[in-house]
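Just below is one structure, and these are the notes that go with it.
Sequence positions, counted from 1, serve as the residue numbers for this chain.
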Amino acid sequence: MAFGATFAALRHRNYRIWAIAGFVSVIGTWMQVLGVNWYVLARTGSATSMGFAILLQAVPTLLLSVWGGALADRLPAKPLLIAAQGAHAALAASLAFVALTGTGGLPAIYVISLAAGAVSAIEGPVMGRWASTLVDRESLGNALALGSLTNSAGRILGMSAGAVVVAAVGPALLFVVNSVSFVAVVVALLLVRERERYAAGPEAEPAAVATDGGIRAGFRYLLGQPVVLVALGLSFVLGSLGRNYQVTMAAMSDGPLGGGAAGYGLLSTVFAVGTVLGALVAARSRRLGYGVLVGAGLLASVLQIVAGLAPGTLSFAAVILPIAAAAVVIDTTVGARAQLDTDYLMRGRVLAALAVTGSVSSAVGAPLLGWLSEHAGPRQTLVLAGAVAAVGTVVAGAALDGLRGRVLRGRVVEALAVPAVRRPIRRVASSAARVVRPAATLVRAVRPARTVVPAPRPSVGGGAGRRPVPRPAAGRPTPSLPSHLPHRPSVVHHATPLGTPVTLLDGADSQDVTPTGR
C-alpha cells in the first residue's frame, strides 16, 4: 500500500486540525497522570493510595457514560465540547494550586480526580460522535487508527517529558501544562468548517431524536444488533484477560523473570512501542472488520500463552511487542465497527456502551489477574488467561460467521475443496502434454507426406456439384454447450449491512476507538 494511504485521513483539513490539537492535549493529559501519581505516592508512600486516585477517575465512566451517550445523540456537540474543555482546564489548574500551596491535601486531589473522571465520562461519547464526522466513511477506519497512533505517541512523549519535569521542579508545572493544552482543543473546535463535515453531522446535530427514549432506546437498539453485541463481548474477554499487562508484566518482572524495577521499565517501554506499531498497521489496512478482530484476538491469545513460557526478560519483551500491536488493532477495529455498523442517530449511545465495556473489563480483569498471579503464579496466570481468551475468540468468531451469512465457512470450503481437485488435474495434464508433444513431433517426422485434396467450398445458394449449407429453422435457437458439462462456480461476494464487501480473516476486513482529541 502506498505511504499516502497510511495517513489518508490527513487529506481532510478538519481532521488535520483535530489531530494536531489532539496530540497536544494527549501529551498534557499523560503529564498530568504522571504528576498525580507522583504527588500521591510522595505524600503517602503507598501504591494503594495511588491506585485509589486512578480508580476515582475510572468509576464515573461506569456510571455516567450512558448519560453522556444520550446527550451526544440529543444535543449540539460543539457547545458541550467547549464547556468540557473549560472544565478540564479549570480542574488541572486546581491541581496545580493544590500542589503549590498544599491546600486541601490528598482529599482535594481525590475530589478533583473524581470530578475530572465525571467530565471525561460525559465528554467521551460526545467527542467520539462529533469527531467521526470530520472524515468520510472510507477514511473513518484510518482516522481511528491514526487516533490510536496519536494517543500512543502522546503517551510516550508525555510520560518521558513529565518524568524529567517532575524530577526537576515538581508536579505543579505538569498540571499547568495540561491546563494550557486544552486551549488547543478549543481552538480546533472553532477552526473546524461545518460545511466540510460528513455523516449528516451538521444537519443532524440539533435535538434530532428528542423523543427516542434516551438511554432505554439505546439499550433496545443494541439488543437488536447481535453482531455488535458479539464484538463487544469479545472485546470484554480480550480486554479483561489479555489486556491488563500492567499487572502481569509487573508480576513477571518481580517474580520469575527477576528483572525488578528496571525490567518492568523496559517491558513498559517495549509495550508502548508495540502500541505505536499496531496503530501504524491498523492505519495501513484498507478495511478493518470482524475478520481482523478475530485474527488479532487469536494472535494475541496464543502469544500470551507463549509469554507465560518465556525464559527471560528479553524473550518476554519480544513477545510483548506483537501483543501490544494486536491490542491496538483490536481496539481500533471494535471502535470502527461500533460506528460504521450502527445508526448515526444512536452512535453516541453505542460509543458509551463501548466505553463502559472497556472500563468494566479493566475493573474486572486487573484484580482477577492480580489474584491469580499471587496464588497460582504469574506464568500459570498468563497461560490460563491466554487459553481462555483463545477459546472465547474462536466461539465469538463462529458466532460472527453465523450471523453474517457464514462467509468464513464458504471461503474455507472454497479454499480446501476447489484447489485440491483442480491443481492435481492441471499438474497431470501438463505432464502428459510434455510427454505427448515430443512423440507427436517424431511421428510427423517419419510419416510419408500425403497429397491433400482441398474440399469443395460450400455454397449457400446451391448449384451443380455443391451441397447447400444447412441453416437453423426459423425461431429455433442456435445450439449451445450441453448443460451437463461441468462449469466453474462463481464467487459470491458478501457485504456488510452498510454495503462494504467483507472478507473474513483477510487481515483487514473492515475497522481501530474514536479519533478523539483526548
Side-chain angles (χ1 to χ4, degrees), residues 1 4-22 69 72-73 77 124-151 188 192-205 225 227-228 231-232 235 278-293 296 328-355 495-503 506-518:
M1 185 181 295
T6 305
F7 304 96
L10 294 177
R11 291 195 294 263
H12 300 274
R13 172 190 175 275
N14 284 346
Y15 184 77
R16 289 197 301 270
I17 295 172
W18 189 246
I20 294 172
D73 293 330
V126 180
M127 183 173 287
R129 186 178 190 267
W130 182 84
S132 67
T133 66
L134 301 181
V135 296
D136 57 10
R137 175 181 172 80
E138 290 72 21
S139 302
L140 180 58
N142 181 259
L144 298 173
L146 292 181
S148 298
L149 177 61
T150 298
N151 289 331
V192 165
R193 295 172 181 170
E194 292 293 328
R195 65 180 182 275
E196 296 180 9
R197 292 174 59 196
Y198 295 88
E203 59 267 26
E205 288 288 353
Q225 305 294 320
V227 174
V228 177
L232 290 178
S235 176
L280 289 173
V281 170
R284 289 180 63 85
S285 300
R286 292 186 182 275
R287 294 181 301 158
L288 290 173
Y290 300 105
V292 175
L293 175 61
V328 173
V329 173
I330 292 169
D331 288 342
T332 305
T333 303
V334 174
R337 297 326 310 172
Q339 297 185 66
L340 290 173
D341 293 349
T342 54
D343 191 341
Y344 177 78
L345 296 179
M346 289 288 179
R347 185 170 294 177
R349 278 161 281 195
V350 172
L351 290 174
L354 183 62
T496 64
L498 295 175
T500 304
V502 171
T503 302
D506 63 348
D509 182 12
S510 169
Q511 308 77 247
D512 21 299
V513 200
T514 58
T516 66
R518 299 295 302 157

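In this structure a side-chain-to-backbone donor-acceptor pair under 3.5 Å is missing from S235 to A231. Between the N142 side chain and the A9 main chain, a donor and an acceptor come within less than 3.5 Å of each other.
The two residues T150 and G22 make their nearest non-hydrogen contact at CG2-C, 4.1 Å. Across A283 and A145, no two heavy atoms sit closer than the pair N-CB, 3.3 Å. Closest approach of G335 and L144 over heavy atoms only: C-CD1, 4.0 Å. Contact detail for H12 and L134: the closest heavy-atom pair is CB-O, 3.8 Å. Across V328 and G278, no two heavy atoms sit closer than the pair CG1-C, 3.9 Å. Nearest heavy-atom pair across V135 and L140 is CG2-CA, 3.7 Å.
In this structure, CG on L10 lies 12.0 Å from CD1 on I17, to the nearest 0.5 angstrom. To the nearest 0.5 Å, atom OH of residue Y198 and atom OH of residue Y15 are 14.0 Å apart. Atoms CD and OG1, on E194 and T133 in that order, are 7.5 Å from each other to the nearest 0.5 Å. With values rounded to the nearest 0.5 angstrom, N151 atom CG is found 11.0 Å from L146 atom CG.
Residues forming a salt bridge (Lys or Arg N to Asp or Glu O under 4.0 Å) with R16 (at least two apart in sequence, or on another chain): none. Looking at residues two or more places apart in sequence or on another chain, you find a side chain to side chain donor-acceptor pair (under 3.5 Å) between D136 and S139. For the side chain to side chain donor-acceptor pair (under 3.5 Å) test, no residue two or more places apart in sequence or in another chain qualifies with R13.
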* Evaluate the criterion side-chain contact (heavy atoms from CB on, under 4.5 Å) for residue pair M127 and W18; output intermediate values, then yes/no. => CA-CA 11 Å; M127 183 173 287; W18 189 246; 3.7 Å; yes
* **Pair N14-R197, side-chain contact (heavy atoms from CB on, under 4.5 Å): steps then yes or no** => CA-CA 8 Å; N14 284 346; R197 292 174 59 196; 4.0 Å; yes
